[in-house]
Amino acid sequence: MLSSEKKNCIKGLLKLLIRGALLALLCYLGHCLLFDLLWLEPDAPIAYDISYEKGLLKQVHALQSKREDNVIIFGASYVSFGIDAAEMESILGQPVQTLGVEASMGIPVLIDLLKKTAQPGDTVIYMLGEANSSAENSIAICAALESDKELLYSYIASRDGLKDKRSNLIWRKLYALTIGKPVIRMEALLSKKKQVYSIDSFDERGNMVVDRPGPLDTLVIPFEKLDMEDIELETMDKLNLFIDWCGANEVNFVVAYAPFMEESLDNSSEELDAFHEEISAYLHADFIDKPQDTLLPADRFYNHPSHLNSVGAKEYSHDLAERLKKYREEKSCDSSN
């Protein structure tokens, strides 16, 4: 038989454990409630309305609207900096839409969004550069989709790993709601260069239209090298699955190379040919150009060896549209023969 002292000790321990469990449960429920109140509730406060990432939501909404067939170019930040939609439209005679604002959003997110918005007759171009990651910055994506609760919930529900990142998302939104905007405005005031990392840089369809003067104001040395060993095959495999989806849904899919800075690319012409052969054999899609076709001098770039200035974007977009036009004409001739 247990003594009364031991019984009381056991009872006290059980009460402590029960209280601890209840407290942990309340903390967990409170944590979930706070996350939902900040992010998922229809009336949740908007914190990222002026953010650069919001350009993605403009792009998605443009593709969701009633529209004619589009040329949709997706990929990393070199898409938003590199595509002059008006220039391409003047050559192709149809609307051109970008999808993607920065590499941290990850290619799988863009693929998911395209499956929701691409329609039969669209031409989808994957802009292939060095940023081909499947890694996702959940904060950037949630900030982009913040005001569209249907898209936001769909993204959160599809990513099991976000359960472990909810605390980070809570604190980042609280920061953005309090001192985030004043900090951004102060940075803009202190900067000597016009800020492009703002929603104001995009038009109503999410295409970047802000003037980006050149040339790049930093010393450039050869440091980039296109090599198949550096290509993330996980992303390429997901692209191949998406290419199959496009074929089944009457969406045209092609690949085009991103712009590369001549002075920064450390590949010989033979090495570029070898890379092109390997990557084009891996991806189950037609390529409308080669890396050598998209080499541009440093004075065509803005603030990064992958970001074109306004002059560079117009030049690259003109050539891209001409290559797509030629590709279509050749395909049309092949199908008629």
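In what follows, residues are counted from 1 in the order of the sequence shown. Only a predicted model underlies this, so the values are computations on that prediction, with no experimental measurement involved.
In this structure a side-chain-to-backbone donor-acceptor pair under 3.5 Å is present from Lys149 to Glu146. Lys238 contributes no side-chain N or O that, together with a main-chain N or O of Pro108, makes up a donor-acceptor pair within less than 3.5 Å. Between the Lys173 side chain and the Ile46 main chain, no donor and acceptor come within less than 3.5 Å of each other. With hydrogens and angles disregarded, no donor-acceptor distance shorter than 3.5 Å links the side chain of Glu130 to the backbone of Leu226. A donor-acceptor pair is defined here as one N or O able to donate and one able to accept, closer than 3.5 Å; no such pair exists between the side chain of Tyr78 and the backbone of Leu308. For the pair Asp244 (side chain) and Leu239 (backbone), a donor-acceptor distance under 3.5 Å is absent. Here the side chain of Glu277 pairs no donor or acceptor atom with the backbone of Ala274 at under 3.5 angstrom. The main-chain N or O of Glu87 is found under 3.5 Å from a side-chain atom of Asp84 such that the two form a donor-acceptor pair. Between the side chain of Ser268 and the main chain of Glu271, a donor-acceptor pair closer than 3.5 Å is present. At distances below 3.5 Å, not a single donor-acceptor pair connects side-chain atoms of Asn249 with backbone N or O atoms of Val251.
Within the structure, every pair that satisfies the salt bridge (charged side-chain N to carboxylate O under 4.0 Å, His left out) test and touches residues 61-73, not counting sequence neighbours, is listed here: Arg67-Asp122. For the side-chain hydrogen bond (donor to acceptor under 3.5 Å, both in side chains) condition, the pairs that include at least one residue of residues 106-118, sequence neighbours left out, are Asp112-Arg159, Lys116-Ser154.
Ile107 is connected to Leu233 through a chain of hydrophobic side-chain contacts under 4.5 Å among Ile, Leu, Val, Met, Phe, Trp and Tyr, so both are in one cluster. Cluster annotation: Val209 is not connected to Tyr302 through the hydrophobic network of ILVMFWY side chains, with a link wherever side-chain heavy atoms come within less than 4.5 Å. When the side chains of ILVMFWY residues are joined at heavy-atom separations under 4.5 Å, either directly or via intervening members, Leu99 and Leu241 end up in two distinct hydrophobic clusters. Residues Ile91 and Tyr327 do not share a hydrophobic cluster, clusters being chains of Ile/Leu/Val/Met/Phe/Trp/Tyr side chains in contact below 4.5 Å.
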Step by step, work out the ring pair (Phe, Tyr, Trp, His ring centres under 6.0 Å) result for Tyr257 and His276.
CA-CA 10 Å; Tyr257 285 100; His276 175 71; 5.7 Å; yes

With ring pair (Phe, Tyr, Trp, His ring centres under 6.0 Å) as the test, would you mind laying out the steps for Phe202 and Tyr52 before giving the verdict?
CA-CA 9 Å; Phe202 301 90; Tyr52 175 78; 5.4 Å; yes

Any chance you could lay out the side-chain hydrogen bond (donor to acceptor under 3.5 Å, both in side chains) test for Thr98 and Ser80, step after step, and finish with the verdict?
CA-CA 7 Å; Thr98 56; Ser80 52; over 6 Å; no

Residue pair Val311, Arg300: steps toward the side-chain contact (heavy atoms from CB on, under 4.5 Å) verdict:
CA-CA 6 Å; Val311 173; Arg300 296 295 190 268; 4.0 Å; yes

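Contact record, Tyr155 with Cys142: CE2-SG, 4.0 Å, taken as the closest heavy-atom pair. A pairwise comparison of heavy atoms in Met105 and Glu136 identifies O-CG, 3.7 Å as the closest pair. When all heavy atoms of Met127 and Ala258 are compared, the pair lying nearest together is CG-CA, 3.5 Å. Between Trp245 and Leu114, the shortest heavy-atom contact is CH2-O, 4.1 Å.
The distance from the NZ atom of Lys326 to the CG atom of Asp289 is 11.5 Å, given to the nearest 0.5 Å. Within the model, atoms CD of Gln59 and NE2 of His61 stand 11.5 Å from one another, a figure rounded to the nearest 0.5 Å. Here the CD-CD1 distance, from Glu53 to Ile199, works out to 9.5 Å after rounding to the nearest 0.5 Å. Here the SG atom belonging to Cys246 is positioned 14.0 Å from the NE2 atom belonging to His284, to the nearest 0.5 angstrom. Of the inter-residue distances, the one linking Ile83 atom CD1 with Ile73 atom CD1 reads 3.5 Å to the nearest 0.5 angstrom. How far OG1 of Thr294 is from CG of Leu320: 9.5 Å, rounded to the nearest 0.5 Å.
Between the side chains of Tyr153 and Asp36, no donor-acceptor pair of N or O atoms lies under 3.5 Å.
Salt bridge annotation for Asp286-Lys331: present, with a cationic side-chain nitrogen under 4.0 angstrom from a carboxylate oxygen.
Counting non-hydrogen atoms of neighbouring residues, nucleotides and ligands closer than 6.0 angstrom, the CD atom of Glu250 reaches no more than 12 such neighbours. Atom CZ of Arg212 sits in a crowded spot, with more than 12 heavy atoms from other residues, nucleotides or ligands closer than 6.0 Å. The neighbour count for Tyr282 OH, taken as heavy atoms of other residues, nucleotides or ligands under 6.0 Å away, is above 12. Counting non-hydrogen atoms of neighbouring residues, nucleotides and ligands closer than 6.0 angstrom, the CD atom of Glu329 exceeds 12 such neighbours.
Ring geometry for Phe253 against Phe242 counts as perpendicular: the plane angle is over 60°, on a 0 to 90° scale with 30° as the lower cut.
Of the residues Leu324, Val124, Asn252, the one that meets the side-chain contact (heavy atoms from CB on, under 4.5 Å) test with Val71 is Leu324.
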